[in-house]
Amino acid sequence: MAKVLTSRADDYNQWYQDLVTKADLADHSAVRGCMVIKPHGYAIWEKMQQALDKMFKDTGHVNAYFPLFIPKSFLSKEAKHVDGFAQECAVVTHHRLKTIGDTPETRQVVVDEKAKLDEELIVRPTSETIIWNTYRDWIKSHRDLPLLINQWANVVRWEMRTRLFLRTAEFLWQEGHTAHATKQEAIEETERMLDVYAEFAENFMAIPVIKGIKTPNERFAGAEETYCIEAMMQDGKALQAGTSHFLGQNFAKAFEVKFANSENKLEYVWATSWGVSTRLMGALIMSHSDDAGLVIPPKLAPIQVVIVPIFRSEEELKAITDAANKLMTDLRAKNITVKFDNNDKDRPGFKFAQHELKGVPVRLGIGPKDLANGSVEMARRDLMTKEVVPMEGLAQRIADTLDDIQSNMYKKALERREAMTHYVNTWAEFEAALDKGGFVMAHWDGTAETEARIKEQTKATIRCIPLNNKQEDGQCILTGKPSKERVVFARAY
RNA sequence: CGGGGUGUAGCGCAGUUGGUAGCGCACUUGGUUUGGGACCAAGGGGUCGUCAGUUCGAGCCUGGCCACCCCGACCA
């Protein structure tokens, strides 16, 4: 068997890189830090979008679209916000090009200096400012609230160092921006959307997550409180998979967004924002995939079942095709997506390997023996097992198998996370646990100074303070000062 | 942005002292094959990352730039 991927044991980073490109998910582009998302990768992203979009709509949100460009002056209206993003913004300064040079050899396109913009435009790193500037006009009365809007968009953050899906200069995401009459409602919204993300991660992506809040250091610029879901990758590193922010009245005050309450008094509105991005693709890959390639949970697989015919003659192929067509009709009736891979170029063994690389959850092999016996060979991608099963009742059996794969993938990821979560009480234990990899649950004295010192010494950050965290007396692993709860430390992507 | 590395066909690589580019896989055509990455035969594909310089002559030497990888700093 020809090896296509670097193994995880040999070089985890290289494995990830190989997998993303070899499984046709994405490629590097001609533009620094930007990727081309290829059809197979985009198909998975579309499945994520569809599931999330439905969840957003089911919780009362509607979609809209705001501009890519933000006037520079908007960004500076919220002081902490601009500090958070100023370092990584792309700036549009001109609106016209011109051609210089008389011959084809010397001809080139240059910026027309006469076409300088009066006010420079920022390519959005996130859309709070343009949206809140717009909301000012939309919100006049408590009857306009709550305003529950989401947008699917691209954003640009000029990153120093990029990795496909995990951190790219341009990425795709959704950003929800909501306005509420009361603080309580806004906090409820923030928590509701965190729950939506957690449910999506666990039920669709089959990734267990810890819901928690960020420390002030790790908080979104401009937020009062940042909630997050944290996932653990196979190498034990943490990955922030989604965030939901309670923005308080910071943006309402910066953009003068006030509403008349029922007593006709003007009040500033309360805000939230929340987002997940194509980074989830990275989480999906690093949670489940193996040395043979991608493993995709059935609920997000663009193709859930592939049928590979095994044949010698045209007659055999025709008989197999008839059987496959019947089966496909049954599967589609159950909303299972299925592909019949009948190209005559590749041999069955090659097809098996290809579909494993691309992560198709269930593969069926149908050959002359199966037609004679009324059976098929069914292979599971998650367990890499094969069994011969009867054609009778197969569609239902496959539906059940897909369900089982979905839950098995979650269970496996959960077991791995539990095995790689360490509870420690001393500094020596803490360092040892970090070197093993995974989440380290430890007491912390609650100060930013201690958090920074730990990060400096170990590269580990506080991923979150879990919601509904168990309260227990303990001592900070670094300073020995008293602590009431353990927080999640890890090295992170 | 700093330190290190890499860049030759779609992918992985070789290319000697500077003398005008090759191998494996993939691709095309034909045939034989087909239950775990088939085989035979004949073909096609390259401004050697890019721009300049040195030279009679550059894949090879020199410099600039670009991209990617690893390690830092920064960050979702």
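Chain A is the first sequence line, chain B the second, and so forth, proteins listed ahead of strands; every chain is numbered from 1.
- Every residue meeting the side chain to side chain donor-acceptor pair (under 3.5 Å) condition with A:Arg8, not counting sequence neighbours, appears here in chain and number order: A:Gln234, A:Asp291.
- Every residue two or more places apart in sequence or in another chain was checked for a side chain to side chain contact (heavy atoms under 4.5 Å, CB included) with A:Asp344, and none qualifies.
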Legend entry - Nucleotide-resolved protein contact map, nucleotides 30-35 of chain B, B/S/- at heavy-atom distance under 4.0 Å: ---BBB

Inset, instruction - Would you mind building the protein contact string for nucleotides 69-76 of chain B? One character per nucleotide, 5' to 3', B for base within reach (heavy atoms under 4.0 Å), S for sugar-phosphate only, - for untouched. - result: SSBBBBBB

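- Sorted by first and then second residue, the pairs that involve residues 361-371 of chain A and meet side-chain hydrogen bond (donor to acceptor under 3.5 Å, both in side chains), not counting sequence neighbours, are A:Glu356-A:Arg363, A:Asp370-A:Ser375.
- Listed by chain and number, the residues in a side chain to side chain donor-acceptor pair (under 3.5 Å) with A:Trp173 are A:Glu175 (sequence neighbours excluded).
- Here the separation of B:G59 from B:A21, taken at their C1' atoms, is 8 Å to the nearest Å.
- Nucleic acid contact class of A:Gly242 (heavy atoms, under 4.0 Å, all strands): none.
- Within the structure, every pair that satisfies the side-chain hydrogen bond (donor to acceptor under 3.5 Å, both in side chains) test and touches residues 447-459 of chain A, not counting sequence neighbours, is listed here: A:Thr215-A:Glu451, A:Asn217-A:Glu451, A:Asp445-A:Thr447, A:Asp445-A:Thr450, A:Thr447-A:Thr450.
- Checked against side chain to side chain contact (heavy atoms under 4.5 Å, CB included), A:Ala433 has the following partners two or more places apart in sequence or in another chain: A:His422, A:Val424, A:Val440.
- Among residues two or more places apart in sequence or in another chain, the side chain to side chain contact (heavy atoms under 4.5 Å, CB included) test is passed with A:Gln17 by A:Gln14, A:His28.
- Every pair passing ring-ring contact (aromatic ring centres under 6.0 Å, His included) that includes a residue from residues 193-232 of chain A is listed here, sequence neighbours excluded: A:His81-A:Phe220, A:Phe85-A:Phe220, A:Phe200-A:Phe204, A:Phe220-A:His245.
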Using atom names, set out every protein N or O paired with an N or O of nucleotides 41-44 of chain B below 3.5 Å, distance rounded to 0.1 Å.
none

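- For the side chain to side chain contact (heavy atoms under 4.5 Å, CB included) test, residues two or more places apart in sequence or in another chain that qualify with A:Thr337 are A:Gln304.
- With both ends at atom P, the span from B:C40 to B:G49 equals 32 Å, rounded to whole Å.
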